[in-house]
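Letters go in sequence order (proteins before strands), and every chain restarts at 1. Everything numeric here is computed off the predicted structure, so don't read it as measured data.
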Amino acid sequence: VRIGRRVEIEFAGEADLDLAREIADKLLANPVIEDFTLRTEEDPQTDEAAADADADARGGSGRP
Amino acid sequence: VNARIGVVTFPGSLDDGDAARAVRIAGGEAVRLWHADATVQGVDAVVLPGGFSYGDYLRCGAIARFAPVMEAVADGARGGLPVLGICNGFQILCEAHLLPGALTRNQHLHFRNCDQGVRLESTGTPWTNSFTEGQEILIPLKSGEGRYVADAATLDSLEAQGRVVARYTRGNPNGSQRDIAAISNEAGNVVGIMPHPEHAVEAQTGPSLDGLTFFTSILKHLAGATA
């Protein structure tokens with residue numbers, strides 16, 4: 001079973017992956033109990049890129 | 001001069017009133033601190049109370065960690081300022097990396113509200129110096145995310161360094177690893193505890209008066225420090 005959350009961060013212009021990673025590491029996920037991955041997606045309509053942070057909860061820390 | 005103990009109120013804090021009251025009953029002066037404060041107003045020690053700071057959004061304590069007052073608390077803690085985090089305060093201390101590990105959802109997924117047996121294992125901290133080692137006390141526990149977790153190496157070093165301050169007795173209420181109810185940082189000045197000492201300071205409302213000893217301990221510590 002995989003429980004997690006998906007957070008979309010929208011950037012005006014170029015996606016800043018380093019910034020997205022810092023936001024995920026310091027706030028969106030707790031690296032002590034969660035893993036996260038980053039992924040960029042082009043939005044064909046607005047031509048803006050989005051970075052997705054997927055936090056996978058381990059050890060039963062998932063919330064309803 | 002009475003020792004001044006700061007009690008921080010975050011939006012969503014619940015037990016700040018009781019924590020301040022416990023400080024006063026123990027004989028100290030309670031100084032109410034606000035989450036948006038840039039300083040801790042020169043207090044001698046700080047209590048981070050229980051509750052649901054910022055609605056527990058994201059994770060318990062995850063947002064409180066970034067409150068302006070926490071910068072002053074963290075600076076002070078690194079310099080030896082005694083800090084006690086109770087329940088949500090414990091969660092905030094872990095999120096702020098002032099304590100190792102994390103508090104996660106209770107293993108059985110249910111909120112637990114009960115009078116909990118706890119055994120004091122370290123009386124070397126400023127918050128527990130007036131207990132006797134191995135003393136069993138009864139104080140309220142009320143939490144849904146009270147399960148302490150850390151990797152095995154961290155747990156081993158906590159045990160080896162005598163930093164497991166208290167363990168649950170008469171049954172583990174939440175699946176906490178190694179029955180851990182309270183831990184300290186390496187220096188011992190920062191302590192996080194999941195059950196609530198501040199709710200066990202008066203016969204009329206508490207299951208015991210055992211919780212008061214945390215607050216008389218800090219006053220004794222501060223009296224010794226200034227003597």
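- Heavy-atom neighbours of B:Glu71 CD from other residues, nucleotides or ligands within 6.0 Å: at or below the threshold of 12.
- B:Glu95 and A:Asn30 make their closest contact through OE2-ND2, 3.2 Å (heavy atoms, listed as atom of the first residue, atom of the second, distance).
- Across all non-hydrogen atoms, the minimal contact from B:Arg65 to A:Lys26 is NH1-O, 3.0 Å.
- Between A:Leu27 and B:Ile63, the shortest heavy-atom contact is CD1-CG1, 4.5 Å.
- Contact annotation for B:Gln107: neither backbone nor side-chain heavy atoms come within less than 4.5 Å of a heavy atom of chain A.
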